[in-house]
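This chain uses plain numbering: 1 for the first residue, then up along the sequence.
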Amino acid sequence: MIPVCRFDDLPAGESVRLDTTPPIAVFNADGELYAIDDTCTHQDASLSEGWLEGCLVECPLHAASFDLRTGQPTCLPARRPVRTHRVTVDDGIIHVHLAVEEGTAA
């Protein structure tokens, strides 16, 4: 379990990048928290620097889009999903629980 930040410090529509291996991005999508591997599967670009719309994040490099709930790409050029991670909030602190296998939440 990795502590991220206080829930109040991650406003809706924003994200934070964790410098883990691999890097992880945590998103606040209208009050719902999601965590995915931060690197686009099409080409090395940080998804935390992309555009968030609802539960979708668009890669800033080539506009590939991923569903934060499943990690699945929703359009080309990405074809492979990003790994998702479970997120919890304990005492106002956001925590990421690293996924065990590629494409599945822990």
Side-chain angles (χ1 to χ4, degrees):
M1 180 167 66
I2 301 170
V4 178
C5 65
R6 294 196 55 73
F7 179 79
D8 294 341
D9 292 338
L10 186 59
E14 297 293 323
S15 64
V16 64
R17 182 179 192 266
L18 303 178
D19 289 323
T20 54
T21 303
I24 295 171
V26 180
F27 296 87
N28 182 338
D30 298 322
E32 293 292 325
L33 298 172
Y34 301 96
I36 60 173
D37 283 355
D38 188 45
T39 306
C40 179
T41 58
H42 168 250
Q43 194 168 5
D44 290 342
S46 173
L47 294 173
S48 64
E49 296 176 10
W51 297 274
L52 184 61
E53 185 172 327
C55 289
L56 301 179
V57 62
E58 182 179 309
C59 176
L61 194 56
H62 292 113
S65 182
F66 296 89
D67 188 319
L68 296 174
R69 298 167 293 193
T70 64
Q72 292 296 319
T74 61
C75 65
L76 296 173
R79 296 175 192 266
R80 291 179 296 127
V82 291
R83 187 172 53 162
T84 60
H85 306 277
R86 189 168 60 93
V87 181
T88 58
V89 178
D90 297 312
D91 293 326
I93 305 293
I94 300 169
H95 296 277
V96 170
H97 304 261
L98 295 180
V100 177
E101 293 182 28
E102 183 90 9
T104 62

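Across all non-hydrogen atoms, the minimal contact from Thr41 to Ala78 is OG1-CB, 4.0 Å. Closest non-hydrogen pair, Thr39 versus Val82, comes out as O-CG1, 3.7 Å. Between Ile93 and Pro3, the shortest heavy-atom distance links the atoms CG2-CB, 4.3 Å. The shortest heavy-atom contact between Phe27 and Ser15 is CD2-CB, 3.4 Å. Minimum heavy-atom separation, Leu56 to Ser65: CB-OG, 3.9 Å. Across all their heavy atoms, Trp51 and Pro60 have their closest contact at CZ3-CA, 3.2 Å.
Looking at His62 and Cys40, their side chains never come closer than 4.5 Å, going by heavy atoms from C-beta outward. Using a 4.5 Å cut-off on side-chain heavy atoms (C-beta onward), Leu68 and Glu32 make no contact.
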Q: Could you go through the side-chain contact (heavy atoms from CB on, under 4.5 Å) check for Val96 and Thr20 one step at a time?
A: CA-CA 11 Å; Val96 170; Thr20 54; over 6 Å; no
Q. Yes or no on side-chain contact (heavy atoms from CB on, under 4.5 Å) for Glu14 and Asn28, after CA distance, side-chain angles and deciding distance?
A. CA-CA 6 Å; Glu14 297 293 323; Asn28 182 338; 5.6 Å; no
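In the hydrophobic clustering of this structure, Leu10 groups with Ile24; members are Ile, Leu, Val, Met, Phe, Trp, Tyr whose side-chain heavy atoms approach within less than 4.5 Å, directly or through other members. Under the 4.5 Å side-chain heavy-atom criterion for grouping Ile, Leu, Val, Met, Phe, Trp and Tyr, Leu98 is connected to Ile94 within one hydrophobic cluster. Residues Phe7 and Ile2 share a single hydrophobic cluster, defined by chaining ILVMFWY side chains whose heavy atoms lie under 4.5 Å apart.
Here the straight-line distance linking atom CZ of Arg86 with atom CG of Leu33 works out to 12.5 Å at 0.5 Å rounding.
Annotation for Gln43: atom CD counts as buried by contact number, over 12 foreign heavy atoms lying within 6.0 Å. Atom CG of Asp91 is surrounded by 12 or fewer heavy atoms from other residues, nucleotides or ligands within 6.0 Å.
Looking at Asp38, its side chain does come within 3.5 Å of a backbone N or O of Leu47 through a donor-acceptor pair. Using a distance-only test at 3.5 Å, with no hydrogens or angles considered, no donor-acceptor pair links the side chain of Ser48 to the main chain of Arg17. The main-chain N or O of Arg69 is found under 3.5 Å from a side-chain atom of Asp67 such that the two form a donor-acceptor pair. Listed for the His85 side chain is a donor-acceptor partner under 3.5 Å among the backbone atoms of Ala99.
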